[in-house]
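For reference, the structure is listed below as structure tokens.
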There are 2 protein chains.
Amino acid sequence: MNRRATISDVALLAGVSKQTVSRVVNGSDKVLPETRQRVQAAIDELDFRPNMAARQLSRGRSFTLGIVGRNRNYVSTRSYSGAATTADEMGYALIMKELESGDIDSVRQVLLALQDLQCEGILWTIPEVDRSYAWLEQAGMLELKIPLLFLNVRPRATIKTVSFDHYYAGKIATEHLLSLGRQRIAHISGPDGWWSAESRRRAWGDALLQAKMPAPQEACVIAQSWQAAAGYEAFSQLLENYPGMDALFACNDQVALGAMLKAHEQGIRIPEDVAVIGVDNLPESAFFFPPLTTLEQDARQLGCNAVRKLVGMVERGFGTVPERSNEDDNELLRHTLVVRRSTAG
Amino acid sequence: MNRRATISDVALLAGVSKQTVSRVVNGSDKVLPETRQRVQAAIDELDFRPNMAARQLSRGRSFTLGIVGRNRNYVSTRSYSGAATTADEMGYALIMKELESGDIDSVRQVLLALQDLQCEGILWTIPEVDRSYAWLEQAGMLELKIPLLFLNVRPRATIKTVSFDHYYAGKIATEHLLSLGRQRIAHISGPDGWWSAESRRRAWGDALLQAKMPAPQEACVIAQSWQAAAGYEAFSQLLENYPGMDALFACNDQVALGAMLKAHEQGIRIPEDVAVIGVDNLPESAFFFPPLTTLEQDARQLGCNAVRKLVGMVERGFGTVPERSNEDDNELLRHTLVVRRSTAG
DNA sequence: CTGAAAGCGCTTACAG
DNA sequence: CTGAAAGCGCTTACAG
């Protein structure tokens with residue numbers, strides 16, 4: 001047999017009991033140095049490594065987290081990466097699930113499958129789920145016995161979230177444009193139903209109001225998606241609806257890119273005619289034409305914080321001991337302004 | 001107690017033995033319909049779901065795969081997504097690990113950790129690992145007891161890989177430029193040591209040779225990275241080294257983007273003066289200025305194929321039954337040409 | 001400090 | 001078709 005050595009094999013070889021082996025493996029201090037040494041030698045010789053499934057079963061804990069995503073973009077990819085790193089540091093494994101469809105059944109199935117796999121907590125990285133957005137509202141009612149944490153989802157009393165402060169982002173983006181002396185600042189908002197899009201849009205309106213330059217309805221177009229194609233379309237519409245615009249706050253860098261292509265095609269100069277700012281700071285954005293002013297979001301940090309918070313929930317025995325909701329349930333990270341040529345006119 | 005129901009609870013409630021419950025859970029046909037019904041009722045009432053850790057231990061199988069990555073980009077993100085989907089379809093869970101450093105110890109640690117977690121196979125999605133590239137060569141010698149599959153790594157006799165056909169990509173990219181009648185076709189190659197970069201570079205040279213237009217040494221610059229910044233730098237160098245160039249084959253879209261920015265700054269028109277082609281077909285590429293001709297790679301498919309192949313290895317009992325190496329050990333996917341304005345002059 | 005016993009929640013032969 | 005027994009590889013009390 002070429003099977004892996006078990007704790008019993010080690011015990012036999014070292015001439016001790018299984019518990020003693022277990023003790024040295026788990027670093028208990030109640031083992032005589034010489035015993036420890038003997039056991040360690042046997043472990044090395046047999047190349048013993050504990051079977052996590054067995055440990056999981058006997059301990060009644062898995063030290064495993066689930067992470068579910070869909071259609072990952074640059075931002076969520078970096079969150080994943082941060083989540084994986086932090087999970088590792090904290091001694092947790094991360095099981096990845098891809099959601100295929102947004103209907104409530106798929107959602108439940110994924111959640112339950114993760115629970116079956118003995119995950120102790122789940123990280124939900126899908127901002128919005130098609131038409132079935134409603135299910136989120138019932139998250140508290142889901143018969144999940146394990147904590148659930150949401151990324152970039154509108155804070156609600158019944159759920160826990162870690163997100164960027166999208167309102168703040170909209171504020172500083174618009175204020176940056178205002179500080180340039182621009183007078184007619186348009187906005188291409190992210191699609192309807194997205195909390196991040198709505199927050200930024202609201203902030204844009206508020207900032208203009210505060211500056212005593214309230215924006216007319218036509219100054220804002222809602223993009224069909226977060227992609228460049230939608231930006232191209234939306235900017236075309238803006239050109240018709242809001243002539244004389246001298247600045248654009250795009251909901252993200254890709255949409256800004258699409259808008260800028262349309263601008264080039266129309267002979268509109270950036271930033272001379274229209275200053276443009278995006279959100280995300282993609283690695284490419286510094287090399288767009290012209291290089292794009294944007295708001296950096298540290299998505300990796302988002303993933304790190306999320307896992308840290310989720311582990312906190314797990315270890316505080318969330319679900320067992322129901323706790324009162326407090327402001328800490330919704331953690332917010334902030335963006336940083338990165339100024340480049342697209343607004344440096 | 002609010003603990004989850006176990007198979008024993010169900011057995012008790014249904015008035016049968018545990019094995020019978022196990023049979024209906026696993027869909028055995030050797031159960032009387034009425035018995036099955038009674039058991040199913042108990043399962044539903046108790047909301048019973050089998051504990052995978054226990055099943056794993058008793059079956060001696062985990063139906064779990066490991067996937068390890070680092071610094072994920074658009075391509076690897078999409079592979080991940082495909083891998084997750086396919087793993088799910090095939091009934092496997094996917095545990096994600098992030099490699100923090102490329103030294104041989106970290107590599108071993110990650111691999112062994114995944115094995116401890118009872119993974120039955122590992123998908124390695126890191127194309128090259130810094131200075132410690134050598135470890136790959138010894139992959140066969142690694143004392144791993146489970147199959148390992150590499151993504152986009154140079155095929156070798158001792159390992160199994162699933163990759164894009166980068167030589168083919170270089171060939172069609174260059175031939176596309178030639179078909180435009182361009183005479184002085186430059187190349188910005190990916191960094192040294194990358195199989196994909198070297199294959200594409202070689203294909204570029206071969207294609208030019210075949211067209212009886214052998215390229216001088218100065219027509220190729222090796223980028224420092226796969227990022228736009230490196231493309232900007234490399235193109236600046238090309239401008240000095242290879243005056244009169246009328247076409248550029250960039251190793252990827254980001255590098256092409258960086259090169260195009262430099263071109264704009266120099267007043268070089270694309271495609272009139274220099275036609276540009278990249279590789280990747282990022283979602284943004286269609287909205288670059290000008291929209292970029294490129295080679296689409298179906299990274300999602302890559303992930304799907306990889307998992308399918310890995311599961312095949314697992315289920316054929318790879319590692320137990322050593323098999324002869326055959327050409328199927330190195331699977332290749334091909335790119336598709338997507339023509340846009342950057343070469344449509 | 002160390003060990004004998006029981007148990008985690010399933011499944012796998014083996015009887016009947 | 002159904003059940004009693006043993007086992008997967010660990011850990012957790014409990015003795016000593």
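So you know, we letter chains A, B, ... as the sequences are listed, proteins then strands, and number each from 1. None of these values were measured; they are calculated from a predicted model.
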Per side-chain contact (heavy atoms from CB on, under 4.5 Å), A/I95 is matched among A/L114, A/I122, A/L65 by A/L114
Within the side chain of A/N51, is there an N or O that forms a donor-acceptor pair under 3.5 Å with the backbone of A/A53? yes
Measuring from B/L310:CG to B/K160:NZ, what's the distance to the nearest 0.5 Å? 10.5 Å
Spatial distance of atom CG (B/L94) from atom OG1 (B/T85) [nearest 0.5 Å]: 10.0 Å
Rounded to the nearest 0.5 Å, what separation is found between the NZ atom of B/K309 and the SG atom of B/C304? 14.5 Å
Hey, can you pull the residues of residues 56-65 of chain A with a non-hydrogen atom under 4.0 angstrom from DNA chain D? A/S58, A/R59
Can you give the first and last nucleotides of DNA chain D, 5' to 3', that have an atom under 4.0 Å from a heavy atom of chain A? D/dG9 to D/dT12
If a pair means Watson-Crick or G-U wobble with both distances below 3.5 Å, what does DNA chain C look like in dot-bracket form, with | marking bases paired to a different strand? |||.||||||||.|||
Can you list the residues that meet the side chain to side chain contact (heavy atoms under 4.5 Å, CB included) rule with B/I7, with sequence neighbours excluded? B/K18, B/V21, B/S22, B/F48
Below 4.0 angstrom, which residues in residues 7-19 of chain B have at least one non-hydrogen atom near DNA chain C? B/I7, B/K18, B/Q19
Using 0.5 Å steps for rounding, measure from the CZ atom of A/R154 to the CG atom of A/N330. 11.5 Å
Salt bridge or not for B/R4 and B/D47, using N-O below 4.0 Å? yes
Quick one: does NZ or CZ of B/R61 land under 6.0 Å from the six-membered ring centre of B/F63, within 45 degrees of the ring axis? yes
Interatomic distance, A/R308 atom CZ to A/T86 atom OG1 [nearest 0.5 angstrom]: 5.0 Å
Rounded to the nearest 0.5 Å, how far apart are CZ of A/R300 and CG of A/L302? 12.0 Å
Partner residues of A/R59 under the salt bridge (charged side-chain N to carboxylate O under 4.0 Å, His left out) criterion, sequence neighbours left out: none
